[in-house]
Enquirer: 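Mind looking over this structure? Questions follow.
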Amino acid sequence: MAAERPNNGMSSYEIRISRLLPRAPAIGMTDAEWTAIREHALPEGFRYVVDDAEEVVEPILLYLFDKCVGNAKIQSVGNTQLTYCKDLYEWFSYMAVAGLRWDTVSTEDVETYRDRLLGFGRSIATVRKRLIVILDFYKWAEKAGLSICQVDEREVRKIPRENSRDMLAHTNPGERHAESSRLLPKDQQTDNVDALSVDDIRVVSEHLGPSPGSLGDPRPSRDRIIMHLALATGMRVHECVALTLRQAQGLIPNATYGNSPLRITVTKGLNPRTVMIPPQVRADILTYIDTERAMAIRGTGSKTTALFVNAANGNRNRGGPVTAHTVERNFHKAVLAAGLTRIGVVAGPNGAEYLEVAKYSFHDLRHTFAVAYYQELVRQGRSEPWVTLKNLLGHKHLSTTINTYLRSVSSREAEMTDAITNFMRAIWNGQTT
């Protein structure tokens with residue numbers, strides 16, 4: 001295997017696929033040589049990268065081998081391995097054009113690459129995923145002694161403890177902390193804001209499941225409840241699934257407005273805030289607890305404190321806490337089943353490919369709440385609607401709220417008619433949807 005040559009800015013790269021070994025050794029090969037080859041051969045279908053001299057790019061190969069073949073949690077050959085390979089292939093291709101060496105790049109070089117991707121219209125989610133692979137690659141290379149590049153900058157944040165969720169919190173005194181990279185673009189830096197229409201909300205709700213307590217429809221109502229919870233409060237998906245049974249059972253309606261204030265601490269950015277749960281959403285949650293949730297954990301011995309759990313007819317971990325991934329996946333399926341699609345551009349092996357993708361993501365429920373609530377605050381004559389919206393969304397800085405939603409509110413003002421604001425007002429006032 002040849003090591004990568006020094007990059008002079010003129011190299012180009014290709015992704016190759018390993019083939020199945022022949023059944024018998026070549027003529028003249030000893031048994032020991034044939035055994036060694038078979039022991040060290042790449043799995044069939046494994047992707048790797050070569051340069052324009054047909055030499056294997058060794059650091060990429062070694063990283064992919066350690067990451068995939070040497071990791072029981074990742075398939076040796078599959079979409080994940082292909083994604084890692086593509087991300088590093090594009091990074092090395094960029095360095096070739098920029099005249100950079102992979103083992104001497106700086107944090108500024110990675111920042112420039114990040115900004116160029118964003119400038120070319122790549123979604124923030126795509127850029128984040130690609131940078132995560134690149135940063136992990138350099139972390140691995142440093143540990144392996146192949147590079148001394150320290151291209152990442154980390155920040156440490158304190159995590160507030162959620163005692164009601166952690167039954168053994170008393171055994172773990174002291175502060176907890178989370179590390180994150182400063183290089184990763186923020187989730188709401190440039191992504192477009194897309195709000196659901198009234199008709200879209202209704203049709204997606206129907207595909208997610210029936211209203212709690214509905215007769216004649218055996219489907220679970222959990223995902224429908226979570227959708228309406230996010231729609232009515234602006235909560236993110238991980239904030240919804242982090243709710244506990246105790247929090248739900250402790251909801252007390254306000255004597256004047258009927259909404260129930262709920263303090264949440266498991267939030268993005270770890271900034272606690274209070275959300276208001278409408279009466280109908282509260283009623284649906286309590287019905288879910290007494291019926292669907294109780295049935296899901298019956299006979300399982302589950303002692304989970306999570307509010308939302310895997311259904312009784314689930315394939316895995318029945319009665320255990322539902323994950324954000326499961327909720328997002330089911331929402332995605334419901335959007336597609338409702339026929340709500342658009343044409344999206346994705347990176348393919350031969351360049352850009354145009355595919356039909358889901359029109360909405362779960363996060364668009366939060367966008368819908370934000371845009372509709374802003375219109376409602378304006379209707380009420382609030383002098384500083386952005387400040388109120390900032391607090392409801394849990395943004396640390398007012399500029400985040402304005403930069404994220406101002407463009408959308410302006411561009412969608414004609415679309416955000418009385419229909420959507422009246423619909424959302426009905427949810428906030430506790431009327432059924």
Enquirer: Side chain to side chain contact (heavy atoms under 4.5 Å, CB included) with Asp109: which residues, sequence neighbours excluded?
Expert: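 In terms of side chain to side chain contact (heavy atoms under 4.5 Å, CB included), with neighbours along the sequence ignored, Asp109 is linked to Leu100, Val105, Ser106.
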Enquirer: What I'd like to find out is whether the side chain of Val49 reaches to under 4.5 Å of the side chain of Phe92, using heavy atoms alone.
Expert: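 No; the side chains remain at least 4.5 Å from each other.
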Enquirer: Tyr13 vs Leu88, test: side-chain contact (heavy atoms from CB on, under 4.5 Å). Steps then yes/no.
Expert: CA-CA 10 Å; Tyr13 298 93; Leu88 291 175; over 6 Å; no
Enquirer: Is it true that Phe65 and Tyr48 have ring centroids separated by less than 6.0 Å?
Expert: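 No - the distance between ring centres of Phe65 and Tyr48 does not fall below the 6.0 Å cut-off.
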Enquirer: What are the two closest non-hydrogen atoms of Val281 and Ala232, and how far apart are they?
Expert: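 It is CG2-CB, 4.3 Å.
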Enquirer: Could you tell me whether the side chain of Thr341 and the main chain of Ala358 form a donor-acceptor pair under 3.5 Å?
Expert: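 Judged by distance alone, no pair lies under 3.5 Å.
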Enquirer: Salt bridge (Lys or Arg N to Asp or Glu O under 4.0 Å), that's the test. Do Asp136 and Lys67 meet it? Break it down for me.
Expert: CA-CA 10 Å; Asp136 187 62; Lys67 189 73 176 180; 3.0 Å; yes
Enquirer: Are any of the side-chain nitrogens in Glu239 or Arg273 under 4.0 Å away from the carboxylate oxygens of its partner?
Expert: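 Salt bridge present between Glu239 and Arg273.
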Enquirer: Donor-acceptor check, side chain of Glu206 to backbone of Val203, threshold 3.5 angstrom: yes or no?
Expert: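 Between the backbone of Val203 and the side chain of Glu206 there is no qualifying donor-acceptor contact (under 3.5 Å).
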Enquirer: Any chance you could measure Leu82, atom CG, to Tyr89, atom OH, to the nearest 0.5 Å?
Expert: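 Interatomic distance, Leu82 CG to Tyr89 OH, rounded to 0.5 Å: 12.0 Å.
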Enquirer: Under the criterion ring pair (Phe, Tyr, Trp, His ring centres under 6.0 Å), which of Trp102, Tyr63, Tyr113 is the partner of Trp91?
Expert: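 Checked Trp102, Tyr63, Tyr113 against Trp91; only one passes ring pair (Phe, Tyr, Trp, His ring centres under 6.0 Å): Tyr113.
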Enquirer: For the residue pair Asp223 / Asn330, report whether a side-chain donor-acceptor contact shorter than 3.5 Å exists.
Expert: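 Asp223 and Asn330 do have a side-chain donor-acceptor pair below 3.5 Å.
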Enquirer: Would you find a donor on one side and an acceptor on the other, under 3.5 Å apart, between the side chain of Arg366 and the backbone of Leu393?
Expert: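 Between the backbone of Leu393 and the side chain of Arg366 there is a qualifying donor-acceptor contact (under 3.5 Å).
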Enquirer: Do the charged groups of Glu142 and Lys139 touch, with an N to O distance under 4.0 Å?
Expert: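 Answer for the salt bridge query: no.
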Enquirer: Where do Pro210 and Ser221 come nearest, in terms of heavy atoms and distance?
Expert: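 So the two residues come closest at O-CB, 3.1 Å.
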Enquirer: With side chains defined as the heavy atoms from C-beta onward, is the minimum distance between Pro272 and Arg263 less than 4.5 Å?
Expert: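 In short, these two side chains touch, coming nearer than 4.5 Å.
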Enquirer: With a 4.5 Å limit on heavy-atom distance, are the side chains of Lys359 and Asp364 in contact?
Expert: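 No, too far: nothing below the 4.5 Å cut-off.
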Enquirer: Roughly how far apart are Leu336 CG and Phe331 CZ, rounded to 0.5 Å?
Expert: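 Atom-to-atom, Leu336:CG and Phe331:CZ are 10.5 Å apart.
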Enquirer: Using a 3.5 Å distance criterion without hydrogens, assess whether the side chain of Thr323 forms a donor-acceptor pair with backbone atoms of Thr326.
Expert: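 Such a contact is found between Thr323 side chain and Thr326 backbone.
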Enquirer: Asp87 pairs by salt bridge (Lys or Arg N to Asp or Glu O under 4.0 Å) with which of Arg130, Arg128, Lys129, Arg47?
Expert: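 Passing option: Arg130.
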Enquirer: With no hydrogens and no angle check, is any side-chain donor or acceptor of Thr112 less than 3.5 Å from a backbone partner on Glu108?
Expert: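 Answer holds: yes.
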Enquirer: May I ask you to decide if Val151's main-chain N or O and Thr107's side chain share a donor-acceptor pair within less than 3.5 Å?
Expert: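 Yes, the answer is positive, given that a donor and an acceptor are paired below the 3.5 Å cut-off.
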Enquirer: With rounding to the nearest 0.5 angstrom, report the CZ to CG distance, Phe137 to Asp66.
Expert: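 One finds 11.5 Å between CZ of Phe137 and CG of Asp66.
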Enquirer: Are Arg222 and Glu292 within salt-bridge range, i.e. N to O under 4.0 Å?
Expert: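 Glu292 and Arg222: not salt-bridged.
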Enquirer: I'd like to know whether CD of Gln249 has more than 12 heavy-atom contacts from other residues, nucleotides or ligands below 6.0 angstrom.
Expert: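 Buried by this count: over 12 neighbours within 6.0 Å.
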Enquirer: Indicate yes or no for a side-chain donor-acceptor contact from Thr233 to the backbone of Ile277 under 3.5 Å, with no hydrogens or angles considered.
Expert: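 Judged by distance alone, no pair lies under 3.5 Å.
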Enquirer: First locate atom OG1 of Thr304, then atom CG of Leu245, and finally report the distance between them rounded to the nearest 0.5 Å.
Expert: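 Separation between the atoms: 9.0 Å.
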Enquirer: Does Arg282 use its side chain to pair, donor to acceptor, with the backbone of Leu251 at less than 3.5 Å?
Expert: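 Flag set: sc Arg282 to bb Leu251 pair under 3.5 Å.
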Enquirer: A side-chain contact here means heavy atoms from C-beta on lying under 4.5 Å apart; do Leu340 and Tyr360 qualify?
Expert: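 A side-chain contact exists here, since the closest heavy-atom pair is under 4.5 Å.
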Enquirer: Please answer whether the main-chain N or O of Gly319 pairs with a side-chain N or O of Ser302 as donor and acceptor at a distance below 3.5 Å.
Expert: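 Between the backbone of Gly319 and the side chain of Ser302 there is a qualifying donor-acceptor contact (under 3.5 Å).
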Enquirer: List for me each residue that meets side chain to side chain contact (heavy atoms under 4.5 Å, CB included) alongside Ala144, sequence neighbours excluded, and say none if there are none.
Expert: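 For Ala144 the side chain to side chain contact (heavy atoms under 4.5 Å, CB included) partners, ignoring immediate neighbours, are Trp140, Leu146.
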Enquirer: May I ask you to test the Ser211-Arg224 pair for a side-chain heavy-atom distance under 4.5 Å?
Expert: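 Side chain of Ser211 against side chain of Arg224, heavy atoms only: contact under 4.5 Å found.
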Enquirer: When you compare the side chains of Asp284 and Thr287, does any donor N or O come within less than 3.5 Å of an acceptor on the partner?
Expert: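 No - no donor-acceptor pair under 3.5 Å links their side chains.
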Enquirer: Between Thr80 and Thr83, do the side chains contain an N or O donor and an N or O acceptor separated by less than 3.5 Å?
Expert: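 There is no such pair between these side chains.
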Enquirer: How close do Ala306 and Pro321 get, counting heavy atoms only, and between which atoms?
Expert: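 For Ala306 and Pro321, the tightest heavy-atom pair comes out as CB-CB, 3.8 Å.
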Enquirer: Yes or no on side-chain contact (heavy atoms from CB on, under 4.5 Å) for Leu262 and Leu243, after CA distance, side-chain angles and deciding distance?
Expert: CA-CA 10 Å; Leu262 173 64; Leu243 293 178; 3.7 Å; yes
Enquirer: Using a 4.5 Å cut-off on heavy atoms from C-beta on, say whether the side chain of His228 contacts that of Ser205.
Expert: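 Yes; the side chains approach each other to less than 4.5 Å.
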Enquirer: Please check if the side chain of Arg318 supplies one atom and the backbone of Ala296 the other of a donor-acceptor pair under 3.5 Å.
Expert: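 Pair found, side chain donor or acceptor close to backbone of Ala296.
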Enquirer: Can you name the closest pair of heavy atoms from Cys240 and Leu229 and give their distance?
Expert: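 Smallest heavy-atom distance, with atoms named: SG-CD2, 3.9 Å.
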